[in-house]
Amino acid sequence: MKKMGKPFTVKARLGSFRFAFAGIWTLLRTQHNMRVHLAAALAAAGCGAYAGLSAVEWCVIVLTVMAVWVAEAFNTAVEFLADRVSTDYHPLIKCAKDVAAGAVLITAIGAVVIGAIIFLPYVLGR
């Protein structure tokens with residue numbers, strides 16, 4: 001069977017990290033909401049350190065932050081692609097952008113709920 005694509009090299013794999021970090025930088029540089037998510041993540045980390053969260057609680061916080069960031073990244077990717085396809089109004093492009101934004105909102109609301117479940121007992125003194 002014939003191999004497809006370029007051969008595996010460590011240099012190429014390391015280069016792919018450059019593209020990934022460029023994507024994260026694009027998110028932080030171009031998306032105001034991503035900077036809000038970053039501030040919230042830093043606040044959660046600070047509160048977690050102060051509260052002395054358990055390992056399981058830290059895992060939940062990390063997964064929650066990751067979910068919000070991934071949702072925002074996919075939302076941004078949908079917006080960039082849609083804007084490249086057409087700058088003219090189209091109802092399906094509007095629907096795609098609205099659904100992607102809705103996914104971020106759902107994830108962010110879930111993050112707030114998870115944050116309340118984890119942090120309220122510390123605030124209220126267990």
Side-chain angles (χ1 to χ4, degrees):
M1 180 161 65
K2 182 179 172 185
K3 283 190 172 184
M4 304 284 287
K6 297 177 182 179
F8 174 88
T9 66
V10 172
K11 183 178 178 181
R13 292 311 92 211
L14 292 175
S16 68
F17 280 97
R18 188 178 82 237
F19 298 125
F21 285 117
I24 293 168
W25 176 243
T26 297
L27 277 170
L28 290 169
R29 186 173 40 84
T30 66
Q31 303 301 306
H32 294 116
N33 286 343
M34 192 61 194
R35 294 191 290 269
V36 172
H37 299 316
L38 174 60
L42 292 173
C47 291
Y50 180 76
L53 297 182
S54 71
V56 171
E57 290 168 325
W58 273 115
C59 288
V60 172
I61 293 295
V62 168
L63 287 170
T64 301
V65 167
M66 184 184 67
V68 172
W69 281 46
V70 167
E72 186 65 46
F74 279 125
N75 177 53
T76 300
V78 167
E79 289 179 356
F80 284 157
L81 285 172
D83 290 347
R84 175 61 178 100
V85 169
S86 175
T87 57
D88 296 334
Y89 175 83
H90 192 283
L92 288 177
I93 289 178
K94 179 190 182 314
C95 287
K97 287 182 169 187
D98 290 351
V99 168
V104 176
L105 180 61
I106 291 166
T107 309
I109 290 170
V112 169
V113 171
I114 289 168
I117 291 168
I118 289 175
F119 289 115
L120 274 178
Y122 290 98
V123 171
L124 300 175
R126 274 199 182 172

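We're numbering straight along the sequence, starting at 1.
Transitive grouping of hydrophobic side chains (ILVMFWY, heavy atoms separated by less than 4.5 Å) brings L28 and L42 into a common cluster. Both V65 and I118 belong to a common hydrophobic cluster when Ile, Leu, Val, Met, Phe, Trp and Tyr are linked at side-chain heavy-atom distances under 4.5 angstrom. Hydrophobic clustering, with ILVMFWY side chains joined whenever heavy atoms are under 4.5 angstrom apart, keeps V112 apart from L120. Under a hydrophobic-cluster definition in which Ile, Leu, Val, Met, Phe, Trp and Tyr are linked whenever side-chain heavy atoms come within less than 4.5 Å, directly or via other members, L38 and L27 are assigned to the same cluster. By the criterion of side-chain heavy atoms lying less than 4.5 angstrom apart, applied directly or through intervening Ile, Leu, Val, Met, Phe, Trp or Tyr residues, V60 is grouped together with W58 in one hydrophobic cluster.
Closest approach of A96 to V78, counting heavy atoms only: O-CG1, 3.9 Å. Across all non-hydrogen atoms, the minimal contact from A103 to A71 is O-CB, 4.3 Å.
Contact annotation: the side chain of L53 approaches that of F119 to within less than 4.5 Å [non-hydrogen atoms, C-beta and beyond]. The shortest side-chain heavy-atom distance between E72 and T107 does not fall under the 4.5 Å cut-off.
Considering OG1 of T64 and CE of M66, their distance stands at 9.0 Å, rounded to 0.5 Å. The CG atom of D83 sits 8.0 Å away from the CD1 atom of I93 when rounded to the nearest 0.5 Å. Once rounded to the nearest 0.5 Å, the distance linking OG1 of T9 with CG of L14 reads 8.5 Å. With rounding to the nearest 0.5 angstrom, the CD atom of E79 is 5.5 Å from the OG1 atom of T76. To the nearest 0.5 angstrom, H37 atom NE2 is 6.5 Å from M34 atom CE.
For the pairing with F80, the side chain to side chain contact (heavy atoms under 4.5 Å, CB included) check across T30, N75, V85 returns one residue only, T30.
The environment of OH in Y89 is crowded: more than 12 heavy-atom neighbours from other residues, nucleotides or ligands sit within 6.0 Å. Atom CZ of R29 has more than 12 heavy atoms from other residues, nucleotides or ligands within 6.0 Å.
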